[in-house]
There are 2 protein chains.
Amino acid sequence: MLRRVRLVKKERSFYVGAMPRVSQERLDARRRQILDAAARCFARNGFHATSMQDVLKEADLSAGAVYRYFTGKEELIAAIVNEVLGEVGGVFEEAARWRPLPPPDVLIGTVMRAVIGHRQGLGGTEQSLYPRLMVQVWAETLRNPELHAILSDGFARVRRPWIEIVEGYQDAGVMRADIPALSVARTLIAVAQGFVAQYALFGDVSIQVVELGLKALMSMEDPDART
Amino acid sequence: MLRRVRLVKKERSFYVGAMPRVSQERLDARRRQILDAAARCFARNGFHATSMQDVLKEADLSAGAVYRYFTGKEELIAAIVNEVLGEVGGVFEEAARWRPLPPPDVLIGTVMRAVIGHRQGLGGTEQSLYPRLMVQVWAETLRNPELHAILSDGFARVRRPWIEIVEGYQDAGVMRADIPALSVARTLIAVAQGFVAQYALFGDVSIQVVELGLKALMSMEDPDART
DNA sequence: CTAAAAAGAAGGAGCGTTCGTTTTCCTTTG
DNA sequence: CAAAGGAAAACGAACGCTCCTTCTTTTTAG
């Protein structure tokens, strides 16, 4: 008698007393193949102007194959959004861990290079996969509350270490301390977001632009600033 | 005999020796009614997750009516994109005309307030129509070359006066002059773009956040800065 | 009264998804 | 070690649905 034991929702079921028919690595590879294809399609055309047929063709798989790994288009979109937000959030967090405290221009430069470099060698053709996906993710989270919750979580998770960085500046006396660290952190994140948008939209190559721009801003002295 | 004389592609044709059947203002009002409804729908759901039926219902008109003013969905999208980019571009240009030269935080604050305030009293329900539309426009220009060209033009048109502002800072000696003005201008625009995204995504109310954040950044002194 | 404007049912295309069939691959057996 | 067996995996045609658009009819404005 074969007792079917389902372990975890998304992991394969197996038979007691028998080995799985195909290896877990194989299944993982298929899943990745589908996700990569979907990411390329979505980066190219957005979530809703991309048809399932587009994804199937890009993945070189049939409908039956894809629907074995994802229950539908929505789940595919959710998976991509999760992945992108997770990785980009990780980039922000990791950049904030550097010690000694990097100045803002180095911080943003690091983040930008990491975001742009992520999955660069995926398709080869798409030059800025992650920036483009990021813009699409923003648009999608505006209409999907569940995905919006993920974005909000990610934003909150990133904000915390960045606030600490700003507080570090202020404690070290290199930045006026009469301004809420949250405001500064959000402004820095806005710089990164804005440049991600510019990179996706205009595909400029040089990260130096932000780095230099921030240096220049930092060199300004507000006329009515308190010391 | 009635000779039909078509004057301009999009203006109404009229009859020699006879007055138009409905006034031009009426036609313009209908067109506006459709555009406003479409803008609300697109801001809510994006361009491709919004159906024509959604727009028709929002405008309280029939298909026949809408298709008399626009050849199809594409043209409707293009009209909205054009309008949004035109108005937002105008906001950037106008802010750059202020004299005496406003500091960056005032500049960005002015832009943000104008973008957020635009068409505020349109539907009433949608709190941040233009920021949301802006994000959707970015996403759409990533896949539509014609609309992308409009965005590029707008970006170029905005960049010029903002470069002049930065050069003004540098000439006045309040900003180090060894950094290309273009880099600083693009960074400032990135701040605005990033905060537009944050506003659309999280709907925070206070513009003070960017203003204070920029002030704090300006108060920093780069350790390895040249004088 | 007339022509433009609006209505709204209907058509054709394309979408996401399902499902019966075929193929593949791992285990088991000879 | 080779071949059979069988279940999972993949295939791909087909289905139902919704989409955008058209077209005939009705209403409206001057």
Side-chain angles (χ1 to χ4, degrees), chain A residues 1-7 10-34 37-38 41-42 45-78, chain B residues 1-7 10-34 37-38 41-42 45-78:
Chain A
M1 175 188 130
L2 293 176
R3 261 198 308 128
R4 186 182 283 249
V5 180
R6 188 164 289 278
L7 282 184
K10 267 306 154 36
E11 270 169 26
R12 68 168 318 194
S13 55
F14 69 95
Y15 295 83
V16 173
M19 290 303 288
R21 291 281 157 178
V22 288
S23 62
Q24 185 66 43
E25 301 94 63
R26 235 191 146 73
L27 295 173
D28 292 347
R30 271 273 176 278
R31 200 183 147 85
R32 187 101 299 279
Q33 174 184 359
I34 295 167
C41 289
F42 292 154
N45 252 336
F47 294 111
H48 298 286
T50 296
S51 70
M52 273 296 162
Q53 301 252 11
D54 292 336
V55 176
L56 302 184
K57 187 167 294 182
E58 182 81 25
D60 204 32
L61 286 172
S62 68
V66 170
Y67 276 83
R68 184 164 301 282
Y69 293 87
F70 298 93
T71 63
K73 194 184 184 184
E74 278 225 352
E75 192 172 297
L76 203 46
I77 293 174
Chain B
M1 174 187 129
L2 293 175
R3 262 199 307 129
R4 187 184 282 253
V5 180
R6 188 165 286 280
L7 283 184
K10 267 304 153 39
E11 269 168 27
R12 67 169 319 198
S13 54
F14 70 94
Y15 295 82
V16 174
M19 289 302 287
R21 291 282 154 176
V22 286
S23 63
Q24 186 67 41
E25 303 94 62
R26 235 191 147 72
L27 296 173
D28 293 346
R30 271 272 177 279
R31 200 184 146 85
R32 187 103 297 280
Q33 175 184 359
I34 295 167
C41 289
F42 292 154
N45 252 336
F47 294 112
H48 298 287
T50 296
S51 71
M52 274 294 164
Q53 301 251 13
D54 292 336
V55 176
L56 303 184
K57 187 167 293 182
E58 181 81 25
D60 205 31
L61 286 173
S62 68
V66 169
Y67 276 82
R68 184 163 302 281
Y69 293 86
F70 298 92
T71 64
K73 194 184 184 183
E74 278 225 353
E75 191 171 299
L76 202 48
I77 293 174

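Below, chains carry the letters A, B, ... as their sequence lines are ordered, and counting in each starts from 1.
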Discussion item. Pair K73(A), V55(A) - check side chain to side chain contact (heavy atoms under 4.5 Å, CB included), show working.
Written reply: CA-CA 10 Å; K73(A) 194 184 184 184; V55(A) 176; over 6 Å; no
Practice prompt. Identify, between R68(A) and S51(A), the residue whose nearest nucleotide on DNA chain C lies closer to the 5' end.
Written response: S51(A)
Practice prompt. Report yes if the side chains of Y67(B) and M52(B) come closer than 4.5 Å at any heavy-atom pair, otherwise no.
Written response: yes
Practice prompt. Please report, rounded to the nearest Å, how far the C1' atom of dT21(D) is from the CD atom of E74(B).
Written response: 13 Å
Discussion item. Whether Y69(A) contacts dA10(D) is assessed here as follows: a side-chain N or O lying under 4.0 Å from the phosphate OP1 or OP2. Is that the case?
Written reply: yes
Item to complete: May I ask you to test the N45(B)-T50(B) pair for a side-chain heavy-atom distance under 4.5 Å?
Response: yes
Worksheet item: From dT18(C), dA7(C), dC11(D), pick the nucleotide closest to the side chain of Y67(A)?
Response: dT18(C)
Fill in: Residue met sooner reading DNA chain D from 5', once R26(B) and T50(B) are mapped to nucleotides
T50(B)
Discussion item. Whole angstroms only, please: what is the CD1-P distance between I34(A) and dG16(C)?
Written reply: 15 Å
Worksheet item: Side chains of R31(B) and F70(B): does their closest heavy-atom pair fall under 4.5 Å?
Response: yes
Worksheet item: So, is S62(B) close to the dA6(C) phosphate, meaning a side-chain N or O under 4.0 Å from OP1 or OP2?
Response: no
Response to the item:
Against the side chain of A63(B), the closest entry in dC20(D), dT22(D), dA5(C) is dT22(D)
Practice prompt. Identify which nucleotide among dC26(C), dA9(D), dA6(C) has an atom closest to any side-chain atom of R30(B), counting heavy atoms from C-beta outward.
Written response: dA6(C)
Worksheet entry | Separation of dA14(D) C1' from Q53(A) CD (nearest whole Å) | 12 Å
